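Worksheet: the structure to be examined is printed underneath.
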2 protein chains.
Amino acid sequence: MVERADAARNRVAVLAAAEELFQREDVEHVSLERVARAAGVGKATVLRRFGDLLGLIQAVIAVRVAELQDRVRSGPAPLGPGGTDGCGHLHAYLDALFDFVLDNRKLIRALEVCGPHAYYDNPASQFWADELARRIGAARPGVDADYLAYAVFTVLRADVIDYLRHHRQMDVDRIRAGLHVLADPRGA
Amino acid sequence: MVERADAARNRVAVLAAAEELFQREDVEHVSLERVARAAGVGKATVLRRFGDLLGLIQAVIAVRVAELQDRVRSGPAPLGPGGTDGCGHLHAYLDALFDFVLDNRKLIRALEVCGPHAYYDNPASQFWADELARRIGAARPGVDADYLAYAVFTVLRADVIDYLRHHRQMDVDRIRAGLHVLADPRGA
DNA sequence: GTACGATACGGTCCACTGGTCCGTTTGGCA
DNA sequence: TGCCAAACGGACCAGTGGACCGTATCGTAC
């Protein structure tokens, strides 16, 4: 079944409204209804299209995820594959993930409040965490790369980084440095 | 002003009901109203006593926190002060925190959903994190102990540990081991 | 160009939340 | 015993995510 024209129109309107609203407002004040209203559409239309609030947020994030995934999967080294320097691979990847979180804090925060494990349990996160485990395993043979990957992925949560920046007055460079030490204490 | 007898009666009833309810039910199904009803009391009574839901949960946790804080502040080494083995201090402390989280998962989960930073922004957590930074600094001079302490404290979140156990099938010993490596990669 | 069936639409409704308000009851002191 | 501050709790509020269903619109087959 091909997508009807009005449905397509509404889909892009809802995505655009959601993106705009999540950037502009505080995460906890963005509700399904407000997104719908901002898009000039009924709540039910949003729900039907995206299943639930979580689905909507994932759809908004997905656009941004794709770009980074491409660079990781098939871009130039050290972020992309190729080269054999395990440490360089790992640290480039950490930087890319960290930048991604900084750029998309609001959306990731919104994702985190959707459910207890919404941050971890979504296809993109699985990819990020798996890739992280692979690179940690390559750079640090002998450690429990799976656990460590989830630990690092956890301190990459947007709420955590926001807390450290705004309540503990740590600047981004300090957090970034700490992250690298955490993932690979022997340095790059 | 001394506490009136009926107020005292209600305070213990609410605390008991909350404790019981948080243990028995899923965190997200425990609401202010249900606690009040279980205590045989009006919602407003709970609110007046504890300010808001966060205050209630903190009050319930406080009882359990006190016991561990005593052991840390004035108990026997290696958890308590005394002795000079920095690593032993750190690892005993990590074990104690980890056990505390396992024993109080439900309550900590409830705390986490109260607000974006409710897990970090409460007096007990400040104590735990500061002490953690102190012990990490002692065991590993030269690292950014403050950042690392928050990172470890973050990985100790009950939702994170629950996720690793039940969705990633990691058993508690594995998580515990990973935690020790994270805080001190050179081993105990 | 028109008629029709499938599809998408959105307002209304629901159960529920945390929190406020305010008239009523109760405890403790003089 | 009488009184009043303090504590009480139910009704109420604005808000949530989500379900429902009668209606309007779209695209197609004629």
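Just so it is clear: chains get the letters A, B, ... in the order the sequence lines come, proteins before strands, and each one is counted from 1. Keep in mind that this is a model prediction, so the values were computed, not measured.
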Q.
Going by salt bridge (Lys or Arg N to Asp or Glu O under 4.0 Å), name the residues that satisfy it together with Asp121(B), two or more places apart in sequence or in a different chain.
A. none

**Q.** Glu3(B)/Arg9(B) under salt bridge (charged side-chain N to carboxylate O under 4.0 Å, His left out): CA gap, chis, key distance, verdict
**A.** CA-CA 10 Å; Glu3(B) 186 182 37; Arg9(B) 214 181 317 127; over 6 Å; no

Q) To the nearest angstrom, how far is Glu3(B) atom CD from dA7(D) atom P? A) 8 Å

Q) Under a 4.0 Å heavy-atom cut-off, which of residues 105-118 of chain A touch DNA chain C? A) none

Indicate every side-chain donor-acceptor pair of residues 137-147 of chain B with a distance under 3.5 Å to a residue at least two apart or in another chain.
unit_1: Arg140(B); atom_1: NH1; unit_2: Ala183(B); atom_2: O; d: 2.9
unit_1: Asp144(B); atom_1: OD1; unit_2: Arg174(A); atom_2: NH2; d: 2.9
unit_1: Asp144(B); atom_1: OD1; unit_2: Asp146(B); atom_2: N; d: 3.4
unit_1: Asp144(B); atom_1: OD1; unit_2: Tyr147(B); atom_2: N; d: 3.2
unit_1: Asp144(B); atom_1: OD2; unit_2: Arg174(A); atom_2: NE; d: 2.7

Q.
Can you pull out the residues from residues 8-33 of chain B that lie within a 4.0 Å heavy-atom distance of DNA chain D?
A. Asn10(B)

Q: In plain terms, say whether Glu25(A) and Arg34(A) are close enough for a salt bridge, that is, a side-chain N and a carboxylate O under 4.0 Å apart.
A: yes

Q | Residues in side-chain contact (heavy atoms from CB on, under 4.5 Å) contact with Arg24(B), at least two apart in sequence or another chain | A | Glu20(B), Leu21(B)

Q: Supply the members, apart from Val113(B), of the Ile/Leu/Val/Met/Phe/Trp/Tyr cluster built from side-chain contacts under 4.5 Å; use none for a lone residue.
A: Val27(B)

Q: Measure the angle between the two terminal helix axes of the helix from dG1(C)-dC30(D) to dA30(C)-dT1(D), five base pairs each, and quote it to 10°.
A: 10°

**Q.** For Arg176(A), all residues meeting side-chain hydrogen bond (donor to acceptor under 3.5 Å, both in side chains), sequence neighbours excluded
**A.** Asp95(A), Asp99(A)

Q | Contacts of type side-chain hydrogen bond (donor to acceptor under 3.5 Å, both in side chains), residue Arg105(A), not counting sequence neighbours | A | Asp162(A)

Q: Answer yes or no: side-chain N or O of Arg4(B) and base N or O of dA6(D) forming a donor-acceptor pair under 3.5 Å.
A: yes

Q: Please state how far atom CZ in Arg37(A) lies from atom C1' in dG17(D), giving the value in whole angstrom units.
A: 14 Å

Q) Does Tyr93(B) have any side-chain hydrogen bond (donor to acceptor under 3.5 Å, both in side chains) partners at least two apart in sequence or in another chain, and if so, which? A) none

Q.
Looking at every non-hydrogen atom in both residues, tell me the closest pair between Val14(B) and Val41(B) and how far apart they are.
A. CG2-CG1, 4.2 Å

Q. Hey, would you say the Tyr163(B) and Tyr119(A) ring centroids sit under 6.0 Å apart?
A. no

Q: Take the angle between the ring planes of Tyr120(B) and Tyr150(B) and call it parallel below 30°, perpendicular above 60°, tilted in between.
A: tilted

Q: Name every residue in residues 43-58 of chain A that has at least one heavy atom under 4.0 Å from any atom of DNA chain D, in order of residue number, or write none if there are no such residues.
A: Lys43(A), Ala44(A), Asp52(A), Leu53(A)

Q. With sequence neighbours left out, which residue pairs that include part of residues 52-77 of chain A fulfil the side chain to side chain donor-acceptor pair (under 3.5 Å) condition?
A. Glu19(A)-Arg64(A), Arg64(A)-Asn104(A), Glu67(A)-Arg71(A), Gln69(A)-Arg73(A)

